[in-house]
Amino acid sequence: MAGPTPTRLHRAARAPVAAAFVCASLFSAGPALADDGDAKDKSAQELADAAKKELLDAKSLHLTMRNSADAKDTRTPALIDLRLDEDGNCTGELRMGTGGAKGGSVDLVKRGDEVWIKPDATFWKTQLPGRSGELAADLIGDRYMHGSTDDPMLDGLSGTCDLDSFRERLKDGSDRAAKDDLVKGDQKKVAGTEVVPLTSSDSGDSRERITLYVTADEPHRLVRATEKGSDESLSMTLTDYGKAVPKKTPSADDSIDVSDLRNTEPSQAPHAA
């Protein structure tokens, strides 16, 4: 058996790129301003700049992104939940399937250059064609696939779990997409935190709207972002700025090495109980 194809895994792994560009589309291309003064004394762009600085300076984050698109698609993540840091460590999960579609889930852990991913049976059967999905589910079972970031099957997760990579996408995106129509809303509470909403609508379509929720108190941090369109809705939360990523990794008994998969014939695959 040549091992499960990395294509679907790569598609899922690239999904957090959208989170960076949701933020980048409202952050200015200019340098962030000094973080002083109350939120009520700052303009919308000044608050966005302060939040951008905090995000670019963060050593670690807990990022959660939900996609509420109407279209049924098993290949698109409906939920991305990651704890990641600037050293490339992360832990989290992806749940596939928008519009009520069931695409399965993937648990992932990355520590240094080592990666562990555990797709469930539904993921394999919906993401791989024909018998390939059933064979992968039977072979791997309830175990993690373990390997390095150099492996073609796992290298897509390297960027997903790298905070530096996320911030670089954020910086590149903001350099290309400065906004001058940012509107500062009234202070409100989100999840118990006082925030100031900063909103921009697409000039060509009033239904397309992005809102950043920045903490009213210093330091002014982005804690939530939403993007609403005619047929989809994305929401992202950012918490635990600076909190360490859990160090625990899956045991050898709970893992199967990616190299072993390539040397396994279909007839050797164990059957699920």
Side-chain angles (χ1 to χ4, degrees), residues 1-23 25 62-84 90-110 115-145 152-161 166 169 202 205 207-211 224-238 258 261 266 269 271-273:
M1 181 178 181
T5 174
T7 304
R8 302 297 189 189
L9 297 174
H10 284 186
R11 181 179 288 114
R14 289 194 298 266
V17 175
F21 284 104
V22 167
C23 303
S25 61
H62 181 193
L63 182 155
T64 305
M65 185 172 176
R66 299 179 186 276
N67 185 341
S68 302
D70 295 331
K72 285 192 173 184
D73 185 358
T74 59
R75 299 171 299 173
T76 299
L79 171 69
I80 301 166
D81 189 338
L82 296 174
R83 295 180 182 273
L84 63 168
C90 88
T91 181
E93 69 168 326
L94 289 80
R95 296 180 191 170
M96 310 297 290
T98 57
K102 304 298 183 183
S105 65
V106 181
D107 293 336
L108 61 94
V109 177
K110 180 175 178 287
V115 181
W116 293 260
I117 64 171
K118 185 170 71 170
D120 65 6
T122 301
F123 178 93
W124 289 126
K125 293 175 182 179
T126 56
Q127 306 299 326
L128 299 183
R131 285 267 296 155
S132 297
E134 293 182 10
L135 289 172
D138 285 347
L139 173 62
I140 299 169
D142 190 34
R143 293 182 291 179
Y144 286 85
M145 294 193 303
M153 193 180 299
L154 304 174
D155 65 353
L157 290 172
S158 180
T160 303
C161 288
F166 173 84
R169 291 163 183 155
D202 190 311
D205 188 345
R207 296 173 300 177
E208 303 287 338
R209 185 175 63 198
I210 298 175
T211 303
R224 187 182 181 194
T226 61
E227 181 178 20
K228 297 185 182 296
S230 57
D231 60 354
E232 70 176 2
S233 176
L234 298 175
S235 65
M236 177 180 65
T237 59
L238 292 167
V258 169
L261 298 178
H271 295 285

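Just so it is clear, the model here is predicted, and its values are computed rather than measured.
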Could you report the tightest heavy-atom contact between [X] and [Y], atom names first, then the distance?
| X | Y | value |
| --- | --- | --- |
| G103 | Q127 | O-NE2, 3.3 Å |
| L84 | L82 | CD2-O, 3.8 Å |
| G104 | D120 | CA-OD1, 3.4 Å |
| W124 | P119 | CZ2-CG, 3.4 Å |
| T122 | K102 | CG2-O, 3.9 Å |
| P77 | N67 | O-CB, 3.4 Å |

Across all chains, not counting sequence neighbours, the side-chain hydrogen bond (donor to acceptor under 3.5 Å, both in side chains) partners of T74 are none
Partners of D107 by side-chain hydrogen bond (donor to acceptor under 3.5 Å, both in side chains), sequence neighbours excluded? none
Heavy atoms, side chains only, cut-off 4.5 Å: are H62 and D81 in contact? yes
Mind checking salt bridge (charged side-chain N to carboxylate O under 4.0 Å, His left out) for [X] and listing every partner two or more places apart, or none if nothing turns up?
| X | value |
| --- | --- |
| D73 | R75 |
| R83 | D240 |
| K118 | D142 |

Atom pair CZ/CD1 of R66 and I80 - distance to nearest 0.5 Å: 11.0 Å
Atom CH2 of W116 and atom CG of L108: how far apart are they, to the nearest 0.5 Å? 11.5 Å
Kindly state each residue pair satisfying salt bridge (charged side-chain N to carboxylate O under 4.0 Å, His left out) with at least one member in residues 126-135, sequence neighbours excluded. R131-E134
May I have the list of side-chain donor-acceptor pairs in residues 91-99 shorter than 3.5 Å, sequence neighbours left out?
unit_1 : atom_1 : unit_2 : atom_2 : d
E93    : OE1    : R95    : NE     : 3.4
E93    : OE2    : R95    : NH2    : 3.2
T98    : OG1    : A71    : O      : 2.9

